[in-house]
Amino acid sequence: MPEDPRASLLSRWTRRTSQSPLLVTALALILGLAVGALVIIVTTPAVLDAWRGSFHSWGAPGHAIKVTLDNVGAGYRSMFTGSVVDPPQFWHSLTTGRNWSLSLTPLSETLTYATPLVIASIGVGIAFQTGIFNIGANGQAVAGGIAGATVASMIHLPTFLHLPLTLLAGVVGGMAAGLVPGLLKAYTGAHEVIVTIMFNYVIYAFLIYTLLSTPLQLPGQQNDISRTFDATAQLSPFFGGSSGLRVNWGLFVAIAVVVFAWWFLDRSSLGFDFRVTGANPNAARASGINARVVVVLVFLVSGGLAGLAGIVQASGTTHLITGGFLIGNAGIGFTAITVALLGRNRPMGIVWGSLLFAALGVGGRAMQSATGIPLDLATVIQSVIVLFVATPVLIKEIFRLRGAHTSALQLATKGWGS
Amino acid sequence: MTKRFDSLVANDGIDLVVEPGQIHCLLGENGAGKSTLMNVIFGLLRPDEGEMLIDGEPVWFTNSGEAVRRGIGMVHQHFMLVPVFSVAENVVLGFEPTKSFDRLDYAKARDDIRRVSKEFGLEVDPDAIIEELPVGLQQRVEILKALDHDAQLLILDEPTAVLTPQEIDALMTIMRSLADSGKSILFITHKLKEVKEAADVITVIRQGRVVGTAQPTDSEGTLASLMVGREVILTVEKEVRSPGDDVLEIRDLVVRDDRGLPAVNGVSLDVRAGEIMALAGVQGNGQTELVEALAGMRFVESGTITLRGRDITNKTPREILDHGLGHVPEDRHRNGLVLSMSVADNLVLNTPRRAPFARHGSRNLNAVRDNATQVVRDFDIRATSIFEPVSSLSGGNQQKVIVARELSRPLTFFVASQPTRGLDVGSIEYVHRQIVRQRDEGNGVLIVSSELDEVLSLGDRIAVMHQGKITGVVEPTTSRETIGLLMAGVSEEPARA
Amino acid sequence: MTIAAARTPGPPTVRQHFGRTRVMGLSIGVIGLFIGVVFGLGSRAGSHTSVTWSPVNLSSAVPWHLGTLTVPTRLSCLILGLILVALGAEVVVRRPERGVMARFGVAGIFFLFTLILWTGRTLGPSQVSSINFTAILIGSSGVAMVLVYGSLSGVMCERAGVVNIAIEGQYIGGALVGTVLASTTHSFIIAAIGGAAIGAGLGWILAFLALRYMSDQIIVGVVIVTMMAGLSSYLNLQVLSPYPQYNLGNLAPPLAIPLLSKIPILGPVFFNQSGFFYAMMLLVALVSFGLFKTRWGLRVRAVGEHPKAAASVGINVVRVRYINVVLGGAIAGVGGVAFMAVQGQFQPGYTSGLGYIALAGMIFGRWRPSGAVVASVLFGISVYLAENLQTYQIPVPTEILQMFPFLITIAVVSGLIGRVRPPAADGLPYQRD
């Protein structure tokens, strides 16, 4: 629709921004926080008591509202100060030049959390762009963790060899886990969503098996825990172990992956093949693209990145893996699906999405220790955000925005029946 | 009646009267607004203005169920049949006879179907599964479904597009007998011959307006000029050229179809440089599979294909493309274009790795853009921008994108399958000119078409295919009757190599 | 999409059909061989397995105490293996058109059965470690029951063309609400109603986003699971831990059906169960009848196969889908309550992927209620055994049994064994045009 030149600058500006995915995400964040606040209100005894009291005495609603705001406010305040910056503390460091590590801890934690998430999400995003729904990223990350942990704890080499080899092992492990669904999809037509869901659980069981059997299990242990990684295979913190800041060299791995993904999707011939295949597999075949090879390659790329994310996570923070490694619905592989969606499968979008979700996750931990509100609230908020981002039209209806006809997200999946 | 989509007026003040017992033809080009009109009548779309009267009573339908209840039945171009259901289940769907506890009364359903089949001479086994029936019978089930719902007005939307000539004949007979029993039929088509054969009354629409009514006795030329608004030249202007050596040699080719049955069964064919070989035949006689084998998209069971002296049998599509084969596929949305991608990207769809578009696996987007700018100008593709998705182009311009893409790189051979299907007359002329230009540049050209007129006007030689075999290779001066016999499998003369 | 929808998927080719059937037969035969060789010949001659049939809690009530049955391990495994080889050979030679999958299910159950026999073998007359077969079946029936609820939920949704991957989330919601209601009202009926309501609510969210806004059904499903996992562990810490009176750990009492419950083996397994079990059996019959015999079922299936065709005869596609997804959600919600009633106290994460096994069961059962039952029995036994290996001292890595349902489903969807064909419009958004 041509723009009316007489329209005021402001109205043109609002129209343009109302089309932007950033606005949708911001509004989704607001809705997510609102739902989170609601959950806090209905589950916090102090708040409920205050409201119950307000039915008995006049003037109490004011008190009840104050209690509510105090509780919700305290929760979200600790979420922010715990994941981004705590202003008084930061001011203290600025003026005195001391305690910098304490001031920077929140950011450091968020970046540490975001590092593997970016890598895994880009893997999922590349698969989405090829028309492949890789719900198996979590299993592939676990496989990468297993393979990486094996190299990291059982081979002993100098750092310049050991670390790259560990990361490579992670990539290969993820690729191996991705190869199975890739081959099945390419050669039998099995739907990758079903296969990868099922394969996740196969890999989880395999993880427990390896952690309970001899080579990888920590000697002398009965529990499902691996040997500790050699120091030469760890992604060490930038500022040294003594700083207390956990942000580590994995960040640069993630940045490299982002640059690679941008080049791959936008500029590489193989990336073009991937996108053509995603948009129209038949035309891809007719124009000389070998669809089967592409499917297998996508799973190798996507699985490899998920595996890399798994080993970066283990090697950068825990330095070992346990039976609980990434397992469950909150594992990075699952969050990666939602982050890819949030970032519209584009590298930079994924970076921002990862930072947002990392801040929520880290902030949730801070909130739990500061106020006792369980950190799982962050998961709920993240889920609500994704539900709204997946449904941009709904957001625009809620906020009565114009231009509600903006393109819906491209559907990720073809039906199981086709 | 008027229907608008945003600013586009799809139907503009259309008046239409259908009498009982009448076959009323609605003739118009693709995009003229025929389907919109039908969907409004059938309750799938809401009109913006106007009124509809059934037996004098004003009605509008909000959904197609209401239309069906008021005696309107529609046979869609893409059948509205559930493939895994039986005939009976499909016919009764939405109007199911039931017993206690909401149970389906299959016995009653079968009886009803048998009764209606007998009444109108539409024999179908009520227990057959739809997906196991041939297309012609599936269409019969669609008609049966409408009749079972007591349709008085039957809308047939491009019913002949998917049928063989025999099936078309059978359909015409059925339509006539239905009309004789008092049903009204609204028959939508863009094929002039069928109109003349079937219609009692003809309404021609163009750009959303009724531009005139005609009689079946009017000449095809009159009808066609009404459709497009100007006199149409149905012949292709081309000079006589002398062909060179053989460039494509096909020897004893055997190719199987999706069901594993031999679709191409021992075909040998040669095409010379500077010659258009037109492959005629009723659709489904192996032409599709032959072309797919040629393009490397279908496995060759036995036999050889040689292109400019090189064996390309069972090579990959990419190897064959790199050897200079240009291919315009039959189904352009399915195989020819990536609709969500830009015009520019679609123009390099099968050469993305070739210099200058890419080097060492990295794409050169400037080269892609320059190429698109050039090609869009050269081939007169109407697009607002080379970066807009190809889905926003009209059908004719989409086909031009494919033709331009294939012809804008060095070729040794050009294959086009149904190159003008579904296009308006202007685009048809354009595509035909491009095909002739390829020939004049000395390339071999193979055209597959089920339109006999196209075959006769384009081909320098005509090969006729029947049940996976070439039944004859003839000159374009051959009479239609002779070619018709060859298409029916009657070999008059041995095939000349 | 229109193009894809217009192209009706052709019937399976003759070659494919025979090829796959043959592979099925061969697989059955291989399982038989494996049983014969590994379990049969692998156990020393003269080893015996003792099996008891009396459930501990009923032994006094059962009039016909069967005592302990001691069978020669090698011979029994050989015989059962040979039966499967014969069954496989029959499939290969006769290539029956129906029931191949069921035969494969039987082979799976044989496999688990002989695995138990092999595990419990002892040399000589010692009967110290006799295996209580009925107890295994009763334990497995609890898991199978929960799986059936989930698979039925999947069948309801997917037959109407909506992929419900959120079964796990509906389980969690049902279990959570169930434990609170059962603890406060002491009524499992109220708990079941509450569970149905939460499941229906989650189904409605899926339907609302998928049908009205065309959101991707799989993404919405995955996110619902994540959300419920987060919410349940949040509520567990915030509410259930400080107020244990809301999470008492209620086990639904068995309701013995007079006479029938006294039948050996079958009685305790089928007729001495909680109300959830009987409701499940009723529901299977009801959904099966409804889908394949009634007008409602015909319309649901039409909507799942070819929504445009259904719409063209006046069926309201969106409404049918809404109803089915909400009903399906309610069924899965009741499944969550049933799970709680088997497990007792609610713990976050204790459904541990059961919803996905239910999804697998629906696929393995070919989108049919009866198939879902066969799959649930098979998967139920393997899940139960995996969780209780210590009890039965089975020397197989737990993890292999855990993988079993997933591996078998992968094999089925890949067509490595059998052939499944989902409803044609399953997972595709429907837009009125």
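Reminder, nothing fancy here: chain letters follow the sequence lines and each chain counts from 1.
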(message) Can you tell me if C:Tyr246 has over 12 outside heavy atoms packed within less than 6.0 Å of its OH?
(response) no
(request) Determine the minimum heavy-atom distance between C:Tyr234 and A:Ile40, stating which atoms define it. (result) OH-CA, 3.6 Å
(request) Would you mind checking which part of A:Phe206 comes under 4.5 Å of any heavy atom in chain C, side chain (CB onward), backbone (N, CA, C, O), both or neither? (result) both
(message) So which atom in A:Thr188 and which in C:Ser414 form the shortest heavy-atom distance, rounded to 0.1 Å?
(response) CB-O, 3.0 Å
(request) Work out which heavy atom in A:Val202 is nearest to a heavy atom in C:Met403; give both atom names and the distance. (result) O-CE, 3.3 Å
(request) Please state whether the side chain, the backbone, both or neither of C:Phe404 comes within less than 4.5 Å of a heavy atom of chain A. (result) neither
(request) Go through the atoms of C:Ile357 and report whether side chain, backbone, both or neither lie under 4.5 Å from a heavy atom of chain A. (result) neither
(message) Given heavy-atom pairs under 4.5 angstrom as the criterion, report whether the side chain, backbone, both or neither of C:Val223 touches chain A.
(response) both
(message) Please check if the number of heavy atoms outside A:Gln222 that lie under 6.0 Å from its CD is greater than 12.
(response) no
(message) Taking atom CZ as the centre, does C:Phe208 end up with more than 12 heavy-atom neighbours from other residues, nucleotides or ligands that are less than 6.0 angstrom away?
(response) yes
(request) Pick one of side chain, backbone, both or neither for A:Ile135, based on which atoms fall under 4.5 Å of a heavy atom in chain C. (result) side chain
(request) May I ask you to test the C:Val220-A:Leu387 pair for a side-chain heavy-atom distance under 4.5 Å? (result) yes
(message) Less than 4.5 Å to any heavy atom of chain A: does that hold for the side chain of C:Thr409, its backbone, both, or neither?
(response) side chain
(message) Please classify the contact of A:Val180 with chain C as side chain, backbone, both or neither, using a heavy-atom distance under 4.5 Å.
(response) neither
(message) For C:Gly230 versus A:Asp376, what's the shortest heavy-atom pair and its separation?
(response) O-CB, 3.2 Å
(request) Please determine, among A:Val386, A:Leu207, A:Ile208, the option with the most heavy-atom pairs under 4.5 Å with chain C. (result) A:Ile208
(message) Please check: side-chain N/O of C:Ser215 versus main-chain N/O of A:Ala390, any donor-acceptor pairing under 3.5 Å?
(response) yes
(request) Check whether A:Leu183 gets within reach of chain C through its side chain, its backbone, both or neither, counting any heavy atom under 4.5 Å. (result) neither
(message) Under 4.5 Å from any heavy atom of chain C, what part of A:Gln382 do you find: side chain, backbone, both or neither?
(response) neither
(request) May I ask you to test the A:Val193-C:Ile165 pair for a side-chain heavy-atom distance under 4.5 Å? (result) yes
(request) Indicate yes or no: at least one non-hydrogen side-chain atom of A:Phe133 is less than 4.5 angstrom from one of C:Ile219. (result) yes
(request) Over all heavy atoms of both residues, which pair between A:Ile373 and C:Gln238 is shortest? Give the atoms and the distance, please. (result) CA-OE1, 4.2 Å
(request) Would you mind checking which part of A:Thr338 comes under 4.5 Å of any heavy atom in chain C, side chain (CB onward), backbone (N, CA, C, O), both or neither? (result) side chain
(message) Could you check whether A:Ser383 and C:Thr226, counting side-chain N and O atoms only, form a donor-acceptor pair closer than 3.5 Å?
(response) no
(request) Drop me the distance from A:Met198's CE to C:Phe364's CZ, to the nearest 0.5 angstrom. (result) 12.5 Å
(message) Nearest 0.5 Å, please: how far is CD1 in C:Ile218 from CD1 in A:Ile337?
(response) 10.0 Å
(message) Check the orientation of A:Tyr201 and C:Tyr356. Use parallel for under 30°, tilted for 30 to 60°, and perpendicular for over 60°.
(response) tilted
(message) So for A:Ser213, is it side chain, backbone, both, or neither that comes closer than 4.5 Å to the heavy atoms of chain C?
(response) neither
(message) So, taking the atom named OG1 in A:Thr43 and the one named CG in C:Leu231, what distance separates them when rounded to the nearest 0.5 Å?
(response) 9.0 Å
